[in-house]
Protein chains: 2
Amino acid sequence: MAKGEYLGEFEQIVLLALLRLGAEAYGLRVRQEIAERTGRDVAIGAVYATLDRLENKGYVTSRVSEPTPERGGRAKRYFEVIAEGRRALAEAQHSLAQMREGLTESWRMS
Amino acid sequence: MAKGEYLGEFEQIVLLALLRLGAEAYGLRVRQEIAERTGRDVAIGAVYATLDRLENKGYVTSRVSEPTPERGGRAKRYFEVIAEGRRALAEAQHSLAQMREGLTESWRMS
DNA sequence: CCATCGACTTCTACAAAGTAGAACAAATGG
DNA sequence: CCATTTGTTCTACTTTGTAGAAGTCGATGG
């Protein structure tokens, strides 16, 4: 279908995290969500690097908020998945689904 | 959960292709299966590079067959997913499933 | 007020995964 | 023999992924 660019696996995970978090989607929180959901304890640098790349590709946008009045409550950078990002994610997930189709889950560990 | 190594997205696709192909799983055929299923027209070098990596990681094994009596029927290198590979694949797919959980598919393009 | 703490983001450096396509190998058909 | 077909290997490079130290900037406590 598309010819150029495919999402890596971690990019997909990060996009999914952004979608789940909605208005709460900022770097540290994204990392936490991934850890809670998948048990994967990724380095924070990995998250931001991926977020930056997704932004450069035009899949997400970001804006910096006002600081909040709490201890350490500095300004956060919030991310949002835009239409192109949803499209790319849907396509990637579709590819995997196609490859899985018809395979009984019997290949999972016995 | 696991701490070291995660499968990339293309690695997952290749593993799934091997599982679908069973006894027919050799390089060129893998490429064809992926093209047919996902529309992704990957370079043959990409497939072999990935296959080699999967073998080095101990996720698949390969053996070279006898040539067959057809035009161009040279010996093929057949691949098989072993238990470790199934485990890794199941884990990777599980991570994605966890991230997807509860997200209505409404994020797909409208 | 200033030292420190806590929540966040940036930076630097490197390893692993993915991409491309030309080169090479071996079998067959004419 | 040699052109053709099916397959695999090689070389070179780009993109993703990983790690953790460093830097920012409010708030808090003395």
Side-chain angles (χ1 to χ4, degrees), chain A residues 2-15 17 21 24-35 38 40-59 62-79 88 92 95, chain B residues 2-15 17 21 24-35 38 40-57 59-60 62-79 88 92 95:
Chain A
K3 25 62 239 315
E5 315 195 337
Y6 300 111
L7 291 171
E9 116 120 339
F10 192 56
E11 289 181 316
Q12 291 181 46
I13 287 183
V14 168
L15 281 174
L21 291 171
E24 283 303 304
Y26 61 93
L28 265 192
R29 189 72 187 68
V30 165
R31 171 171 184 260
Q32 180 190 329
E33 179 76 7
I34 293 173
T38 70
R40 258 162 98 151
D41 233 332
V42 297
I44 186 60
V47 174
Y48 282 106
T50 301
L51 250 9
D52 286 344
R53 283 167 192 153
L54 290 172
E55 186 166 36
N56 287 337
K57 293 187 191 173
Y59 292 157
S62 72
R63 72 203 161 71
V64 177
S65 73
E66 293 299 301
T68 54
E70 350 159 29
R71 179 130 186 175
R74 57 172 298 202
K76 298 173 184 57
R77 189 171 155 212
Y78 287 100
F79 291 85
S95 281
Chain B
K3 28 60 241 318
E5 315 195 333
Y6 300 111
L7 291 171
E9 114 121 340
F10 192 56
E11 289 180 317
Q12 292 181 46
I13 287 183
V14 167
L15 281 174
L21 291 171
E24 282 303 305
Y26 62 92
L28 265 192
R29 188 73 186 69
V30 166
R31 172 171 185 258
Q32 181 189 329
E33 179 75 8
I34 292 173
T38 71
R40 258 162 98 150
D41 233 332
V42 296
I44 186 61
V47 174
Y48 282 105
T50 301
L51 250 10
D52 287 344
R53 283 170 194 150
L54 289 173
E55 186 165 37
N56 287 336
K57 293 189 193 173
Y59 293 157
V60 308
S62 70
R63 71 203 162 71
V64 176
S65 74
E66 293 299 301
T68 54
E70 352 158 27
R71 178 131 188 166
R74 58 172 296 201
K76 297 172 185 58
R77 190 171 156 213
Y78 287 102
F79 292 84
S95 281

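Below, chain A is the first sequence line, B the second, and so on; all start at residue 1.
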**Student:** Side chains of B:Glu55 and B:Ser62: do they bring a donor and an acceptor to under 3.5 Å?
**Tutor:**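 Yes, a side-chain donor-acceptor pair sits under 3.5 Å.
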
**Student:** What is the distance from CZ of A:Arg31 to P of D:dG20, rounded to the nearest Å?
**Tutor:**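 In whole Å, D:dG20 P and A:Arg31 CZ are 10 Å from each other.
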
**Student:** Under 3.5 Å, is there an N or O donor on one side and an acceptor on the other linking the side chain of B:Arg71 and the base of D:dT6?
**Tutor:**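 Side chain to base: no pair present.
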
**Student:** Name all residues meeting the salt bridge (charged side-chain N to carboxylate O under 4.0 Å, His left out) criterion together with B:Arg31; count only those two or more places apart in sequence or in a different chain, and write none if there are none.
**Tutor:**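 Scan of B:Arg31 (salt bridge (charged side-chain N to carboxylate O under 4.0 Å, His left out), adjacent residues dropped) gives none.
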
**Student:** With sugar-phosphate meaning primed atoms plus P, OP1 and OP2, does A:Gly45 contact a base, only sugar-phosphate, or nothing at under 4.0 Å between heavy atoms?
**Tutor:**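 It contacts base atoms.
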
**Student:** Could you check how far CG of A:Leu28 sits from C1' of D:dG23, rounded to whole Å?
**Tutor:**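 Roughly 14 Å, once rounded to whole Å.
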
**Student:** Does D:dG7 have OP1 or OP2 under 4.0 Å away from a side-chain N or O of B:Tyr26?
**Tutor:**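 Yes, such a contact exists.
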
**Student:** May I ask you to evaluate whether A:Lys57 reaches the phosphate of D:dT16, defined as a side-chain N or O under 4.0 Å from OP1 or OP2?
**Tutor:**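 Looking at the OP1 and OP2 atoms of D:dT16, one of them is under 4.0 Å from a side-chain N or O of A:Lys57.
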
**Student:** To the nearest Å, give me how far apart CD (A:Glu9) and P (C:dG18) are.
**Tutor:**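 Distance check: A:Glu9 CD to C:dG18 P gives 9 Å.
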
**Student:** Going by modelled atom types, is there a donor-acceptor pair between the base of D:dT6 and the side chain of B:Arg74 at under 3.5 Å?
**Tutor:**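 A donor-acceptor contact between them is absent.
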
**Student:** Confirm from the modelled atom types if A:Arg53 and D:dG17 form a donor-acceptor pair under 3.5 Å, side chain to base only.
**Tutor:**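 Between D:dG17 and A:Arg53, which were checked side chain against base, a qualifying N/O pair under 3.5 Å is present.
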
**Student:** How close or far is atom P of C:dT19 from atom CZ of B:Phe10, stated in whole angstroms?
**Tutor:**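 Checked: the CZ to P distance equals 6 Å.
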
**Student:** Separation of A:Asp52 atom CG from D:dT16 atom P, in whole Å?
**Tutor:**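 Spelled out: CG on A:Asp52 to P on D:dT16 is 13 Å.
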
**Student:** Is any side-chain heavy atom of A:Val47 less than 4.5 Å from a side-chain heavy atom of A:Leu28?
**Tutor:**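 The answer is no, as the side chains (C-beta and beyond) never meet within the 4.5 Å cut-off.
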
**Student:** Roughly how many Å is it from CG in A:Asp41 to C1' in D:dG20, rounded to a whole number?
**Tutor:**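 Those two atoms, CG and C1', are 14 Å apart.
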
**Student:** What's the CZ-P distance between B:Arg77 and C:dA26, to the nearest Å?
**Tutor:**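 One finds 15 Å between P of C:dA26 and CZ of B:Arg77, rounded.
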
**Student:** Whether B:Asp52 and B:Arg77 form a salt bridge (side-chain N of Lys/Arg under 4.0 Å from carboxylate O of Asp/Glu) is what I want to check.
**Tutor:**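 Answer for the salt bridge query: yes.
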
**Student:** Rounded to the nearest 0.5 Å, what separation is found between the CZ atom of A:Phe10 and the CZ atom of A:Arg53?
**Tutor:**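 It comes to 10.5 Å.
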
**Student:** Whole-Å distance between C:dG18 P and A:Glu11 CD?
**Tutor:**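 Between P of C:dG18 and CD of A:Glu11: 11 Å.
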
